[in-house]
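In what follows, every chain begins at residue 1, and chains take the letters A, B, ... in the order their sequences are listed.
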Amino acid sequence: MADQVYQVVSARTASDPAEGFSWRGAWHAPLTQAWLLLGPAMLIYAVFALYPMVDTFVLSFQTWNGLTPHRGFAGLDNYAFIFNDDPVFWLALRNTVIWTFLAVSIPPLIGFGLALAVNQQIPGRNAMRAIFYLPVILAPIAVATMWKWMYDPFFGLFNQLLTSAGLQGLIKDWLGDRQVALYSVFGAYVWQHVGFSMVLFLAGLQGVNQTLVEAARIDGANRYQVFQHVTLPAMSTSITIVLVLSLIQSLKAFDIVYGMTLGGPAQSTQMLALWAFTQSMQIHDFGRGSAVAVVLLLITLAIVVPYMLWRMKREEGQG
Amino acid sequence: MQTFKFVSAAAALASTLGLALPAHAQEVLIWMRTPQASEAKALKQIMTEFEAANPGVTVKLDTRSTDEHKSALRIAATSKGGPDLYYMWTGLGLGGDYVKSGLSAPLDEYYKKYKWADRVRPLADAYSNLYPPGKHGVPYQVNAEALYYNKTLFKKAGIETPPKTYPELMVTVGKLKAAGIPAITFGGSVNWHVMRLMDAILETQCGAKTHDALKAMTVKWTETPCATSAFNEFHKWASDYMLKPFMSFDAAQSRKLFEAGRAAMMLEGDWLAGQLRSETKEAENFGVFAFPTGTGRLYGFGVNLYLNPYSKNKDLSAKFLDYFISDKVQQEHLGAFGALGVNKNVVHKNLDALDATWVEMFPKYNASFVNGDQGFPLDVTTEYFRVINSVAGDTMPPAQAVATMQTFIDKRRQ
Amino acid sequence: MTTMFSTAFRPLGSDRIDPFLVVLWIALIAIALIWVAPIIFIVFTSLKTNADVMGTGAFTPPPELFTQNYPDAWQRGNFATRFANSVIITLVKVPVGLMLSAMAAYALARITLKGKKLLLLLVLFGTMIPFQVMLAPLFTLVNSMGLLNTRLGLFLPYIAFGVPYQVFVLHGFFKEVPHELSEAALMDGASHFTIFRRIFLPISLPILAALLILDFVSTWNEFAMALVLLLDSKMWTLPLSLMVFQGEFGSEYGPLNAAIVTTVLPAVIVYLIFQRYFVGGLTSGAVKG
């Protein structure tokens with residue numbers, strides 16, 4: 001079947017005049033083919049992903065309420081406002097930093113431990129992997145709804161469990177107390193994201209040289225020494241990748257905060273992505289919202305660009 | 001296969017463009033938020049009757065949830081399209097935003113032509129005079145919020161009659177607290193619910209004129225001592241008299257707790273009467289009284305039908321408005337748009353105790369004070385919410401609240 | 001089972017049971033129980049009457065199976081329409097998006113092209129920029145095209161934000177395909193279209209399947225873009241309606257939990273059936289290369 005097609009195609013090519021322009025010749029030029037294959041995806045990507053990003057920068061220097069047909073020029077006003085006068089921006093930035101720090105440390109750490117554990121010869125390890133990974137595939141908004149209900153102060157899971165354990169003293173208004181709300185939301189995030197790190201680490205562990213592990217054990221190295229001198233060095237790439245991906249994901253945290261607290265109480269769980277959305281889409285100040293978005297975008301770029309350079313260097317090194 | 005998908009995608013695109021075309025010559029298109037069942041039925045009948053009386057005319061109603069409705073209007077505005085008439089809350093922050101952006105056609109001419117002033121209730125009429133020089137919108141409904149109370153719990157705390165003044169109210173909540181009963185319940189996760197208490201206290205502490213000036217941002221919050229005392233008072237309520245915790249659940253959950261007798265009072269709108277009737281077995285166990293602000297103004301808000309300046313059928317739309325607020329229609333559908341109609345010539349009959357209290361309460365007031373989130377522009381509302389919640393959550397001293405409000409207001413883009 | 005236990009608890013190269021592994025195993029079971037607890041709690045609640053929700057313990061199985069919550073939630077949340085919306089969007093977006101990505105990945109991997117490196121960089125960049133940052137301009141753009149509240153208006157941004165990761169993964173895969181495989185065909189004068197379709201698509205089926213499944217789940221779960229691009233409730237997808245359901249019926253715990261289960265069930269079923277593809281799809285992009 002395949003051969004037949006090749007023959008048909010080659011017969012056509014053969015009949016094309018070698019000189020001068022011909023539609024058929026152009027169709028067969030590798031360049032045309034390349035652009036026909038690339039075109040649709042790149043066009044959509046450019047229009048619906050790259051352009052809005054550029055527009056975010058443009059909007060951040062403008063005033064627009066979404067109602068009037070024309071946008072006004074604002075210069076640096078929007079930035080001046082969010083840096084100097086916006087009572088929520090710094091709080092949102094602070095929360096984003098705390099959140100990112102937690103998201104980069106806790107889920108990967110648990111995920112790493114779980115990956116090491118389920119990589120051992122123990123019964124039911126496939127079922128356990130499936131269980132730990134399951135939350136990853138749930139819609140974040142559903143996870144938010146679930147956990148909001150578990151945190152319900154009157155009938156929710158946590159306060160029920162604490163009551164039955166006789167620990168009424170620990171009962172909290174999990175999502176209503178500004179001291180704990182951010183961490184309560186983060187609890188749901190950990191539950192959802194540990195499986196993601198675990199799977200990536202598991203894949204990394206497959207690359208650990210088992211002969212080396214065995215040799216080390218025969219040489220009398222204990223479990224910890226094997227881990228320290230064989231496993232850990234072999235995992236360094238995986239660790240970097242998991243950390244960077246966790247970091248990028250944590251900057252995107254939106255659905256789960258939207259679903260659980262909408263940034264409340266009193267904006268105490270507000271974060272940059274949600275604050276940008278709130279300013280633009282709810283207060284209808286697109287300029288300020290975009291200025292907030294640009295800050296988040298620049299933070300992301302500051303992490304992404306070095307990472308991309310590192311990755312490309314590695315790829316080139318591998319040939 | 002792929003070709004097919006792109007063709008169908010193009011077809012989908014074409015059909016949406018088709019939908020975006022302006023209304024036909026003899027059509028009145030109305031946009032509103034999703035009506036309740038009885039309201040929808042009434043609207044349908046009114047529209048059908050109007051169509052019958054005006055051959056060749058169709059009245060079309062598109063409904064959306066509250067937030068969608070607001071967004072849809074904003075989007076329509078950018079393209080100078082949209083409906084002929086639209087439902088919108090009055091007040092600077094909502095209707096005012098549309099009027100200011102030129103999305104409402106002044107109706108003075110039609111008010112004169114149809115003599116609407118002769119039948120619109122003064123309380124409702126006030127809302128169309130909010131944006132001088134022109135008159136904007138025709139009242140669709142008037143709503144008010146007051147204190148509902150649980151009679152059993154009041155009795156248990158030894159309270160004989162509902163309080164008539166603010167000091168009496170404080171005695172009442174004191175008695176409830178002494179009896180171990182949470183005095184009032186709010187759902188803190190929706191910011192506007194707790195805000196109602198702050199609004200009512202501001203009105204009480206500052207009086208009508210100063211309160212309005214504060215909300216209009218024409219006087220400084222920092223230079224108005226009653227604003228500070230209002231925040232102090234509000235903080236006392238939050239720490240001593242509210243059912244706790246309250247910050248993490250919403251208004252509906254708070255209503256369930258009120259219905260279950262977990263708190264003695266709730267600051268709710270006239271629509272709660274109907275919910276109490278359908279959701280509890282003994283609606284007679286609940287009573288309602290106005291928050292005793294002592295200013296002679298009722299706490300509430302209005303909803304108007306505004307005329308889109310881009311409408312191609314202004315006269316016809318006005319004719320429909322005239323029919324809608326006619327004595328006949330308003331009498332026939334009394335109660336469908338709230339306990340009180342917008343027409344002052346209607347007669348109320350066969351009301352249950354709660355509704356009767358409302359109907360009695362409304363005419364005593366010729367003015368109202370509006371919910372904070374309708375009075376303020378959106379950015380200030382957001383900040384007002386944050387300040388209120390911070391004070392309620394003990395993370396901002398009441399003394400600092402006014403300074404925070406004023407700082408934000410001063411830094412606003414004019 | 002016997003083979004499983006004959007190696008269980010024994011470190012590689014040893015046939016003695018390692019007590020450390022037994023302790024580890026017990027600890028893991030405990031953690032796994034904690035991990036499924038929320039799901040059990042949600043499923044149990046979804047099968048209880050409101051009275052039982054308040055009257056019985058969290059992990060007490062429903063005294064009687066109250067399945068009425070499901071039709072109740074289905075009807076009140078208008079899930080029939082919204083389920084259909086989610087299905088249509090997912091079923092159209094996922095295969096079309098993946099096909100476009102595969103085409104682009106092939107061109108980037110196998111056709112000599114100036115500026116290829118830059119394009120690749122642009123794509124890699126796209127895998128990391130958060131679209132949550134661009135919701136407002138995206139809304140403005142789609143609105144200016146008159147595509148708000150349309151499937152096409154959601155479908156195009158979905159593709160745009162799905163393309164980078166897929167192109168990136170597939171590019172890595174296509175690059176590794178031995179040149180002999182395609183060169184003979186090129187010599188014969190076959191076009192790149194033909195080679196792509198006849199040679200590359202068939203051999204990359206496993207990785208395409210993995211990406212397909214992964215994309216199915218993320219499209220099914222997407223919330224933020226749908227939130228700003230679909231204002232008309234007739235067009236809503238399931239995650240959006242769950243959010244609205246929570247707002248309107250948040251205090252009716254039985255139906256609320258039934259709505260949660262309904263929303264996540266399709267993704268869970270797909271996951272349980274195609275489990276191994278998930279890992280493949282995730283790791284091929286991240287760890288390789």
Closest heavy-atom pair and its distance - C/Pro137, A/Thr56: CG-OG1, 3.2 Å

Side-chain heavy-atom pair C/Trp25, A/Arg125 within 4.5 angstrom cut-off: no

Atom group of C/Phe245 that falls short of 4.5 Å from chain A, counting heavy atoms: neither

Heavy-atom pair with the smallest gap, counting every atom of C/Met243 and A/Gly259: SD-CA, 4.0 Å

Residue among A/Phe155, A/Phe254, A/Trp149, A/Phe132 with most heavy-atom pairs under 4.5 Å to chain C: A/Trp149

Selection from C/Ile34, C/Val22, C/Leu120, C/Leu121 maximising heavy-atom pairs under 4.5 Å formed with chain A: C/Leu121

Heavy-atom check, side chain of A/Arg223 versus side chain of C/Asp18, under 4.5 Å: yes

Portion of A/Leu202 that has a non-hydrogen atom of chain C nearer than 4.5 angstrom: neither

Given A/Val294, A/Leu297, A/Leu251, A/Val295, the one that forms side chain to side chain contact (heavy atoms under 4.5 Å, CB included) with C/Val133: A/Leu297

C/Lys117 atom NZ, neighbour heavy-atom count above 12 within 6.0 Å: no

Most contacts with chain C, counted as non-hydrogen pairs under 4.5 angstrom, among A/Leu157, A/Val304, A/Thr240: A/Leu157

Which atom of A/Ala49 lies closest to which atom of C/Met134, heavy atoms considered: O-SD, 3.5 Å

Pairwise side-chain contact, A/Phe277 with C/Gln132, heavy-atom cut-off 4.5 Å (strictly under): no

Rounded distance [0.5 Å steps], CD1 in C/Ile260 versus NZ in A/Lys148: 11.0 Å

Side chain, backbone, both or neither of C/Leu122 within contact of chain A (heavy atoms, under 4.5 Å): both

Atom group of C/Ile31 that falls short of 4.5 Å from chain A, counting heavy atoms: both

Nearest-0.5 Å distance that lies between atom CG in C/Leu28 and atom CG in A/Leu114: 6.5 Å

Interface moiety of C/Val142 toward chain A, non-hydrogen atoms closer than 4.5 Å: side chain

Side chains of A/Ile44 and C/Phe155 in contact at under 4.5 Å (non-hydrogen atoms): no

C/Leu24, part contacting chain A, at a heavy-atom distance under 4.5 Å: side chain

Interchain contact, C/Leu141 with chain A, by part (heavy-atom threshold 4.5 Å): side chain

Side chain / backbone / both / neither for C/Ser218 at chain A, heavy atoms under 4.5 Å: neither

Backbone N/O of A/Ile137 and side chain of C/Asn221: donor-acceptor pair under 3.5 Å: yes

Part of C/Leu186 within contact of chain A (heavy atom distance under 4.5 Å): neither

Minimum heavy-atom distance C/Ala32-A/Ile131, with the two atoms named: O-CG2, 3.8 Å

Largest heavy-atom contact set with chain A, pairs under 4.5 Å, which of C/Leu124, C/Thr127, C/Leu238, C/Val36: C/Leu124

Residues A/Tyr45, C/Ile159; criterion side chain to side chain contact (heavy atoms under 4.5 Å, CB included); working and verdict: CA-CA 7 Å; A/Tyr45 173 56; C/Ile159 290 185; over 6 Å; no

Largest heavy-atom contact set with chain C, pairs under 4.5 Å, which of A/Leu138, A/Thr300, A/Val213, A/Val242: A/Leu138

Heavy-atom pairs under 4.5 Å with chain C, option from A/Leu134, A/Asp55, A/Leu31 with the top count: A/Leu134

Interchain contact, A/Leu301 with chain C, by part (heavy-atom threshold 4.5 Å): side chain

Test log, rule side chain to side chain contact (heavy atoms under 4.5 Å, CB included), inputs C/Met128 and A/Leu247: CA-CA 10 Å; C/Met128 300 178 191; A/Leu247 205 151; over 6 Å; no

Per-residue contact mode, C/Leu272 against chain A (heavy atom under 4.5 angstrom): neither

Sub-4.5 Å side-chain heavy-atom contact between C/Arg110 and A/Leu37: no

Heavy-atom proximity to chain C below 4.5 Å, by part of A/Met42: side chain

When C/Asn257, C/Leu240, C/Thr263 are compared by non-hydrogen pairs under 4.5 Å with chain A, the top option: C/Asn257

Heavy atoms of other groups near A/Tyr51 OH, more than 12 under 6.0 Å: no

Contact origin within A/Phe286 toward chain C - heavy atom pairs under 4.5 Å: side chain

is_close_aromatic(C/Phe223, A/Tyr258), centroid dist under 6.0 Å: yes

Non-hydrogen atoms of A/Ile141 and C/Pro239 that approach each other most closely: CG2-CB, 3.6 Å

Within-4.5 Å side-chain heavy-atom neighbours: C/Ile29 and A/Met128: yes

Backbone of C/His192 reached by a side-chain donor or acceptor of A/Gln33 within 3.5 Å: yes

Near-ring test A/Tyr133/C/Tyr271, centroid separation under 6.0 angstrom: yes

Top of C/Gly162, C/Ala259, C/Ala107 for chain A proximity - count of heavy-atom pairs under 4.5 angstrom: C/Ala107

Chain A contacts, top residue of C/Leu256, C/Val167, C/Leu119, C/Ile111 (heavy-atom pairs, under 4.5 Å): C/Ile111

Contact origin within A/Val292 toward chain C - heavy atom pairs under 4.5 Å: neither

Region of C/Val268 that comes under 4.5 Å of a non-hydrogen atom in chain A: both

C/Ile39 portion near chain A, given a 4.5 angstrom heavy-atom threshold: both

Side chain, backbone, both or neither of A/Met53 within contact of chain C (heavy atoms, under 4.5 Å): both

Residue C/Ile42 versus chain A: region with a heavy atom under 4.5 Å: side chain

Winner by heavy-atom pair count (cut-off under 4.5 Å) against chain C, out of A/Ala142, A/Ala273, A/Ser280: A/Ala142

Most contacts with chain C, counted as non-hydrogen pairs under 4.5 angstrom, among A/Ala139, A/Ser164, A/Gly195, A/Ala276: A/Ala139

Top contributor to chain A contacts, counting heavy-atom pairs under 4.5 Å, from C/Phe59, C/Phe131, C/Trp220, C/Tyr106: C/Phe59

Side chain / backbone / both / neither for A/Leu50 at chain C, heavy atoms under 4.5 Å: side chain

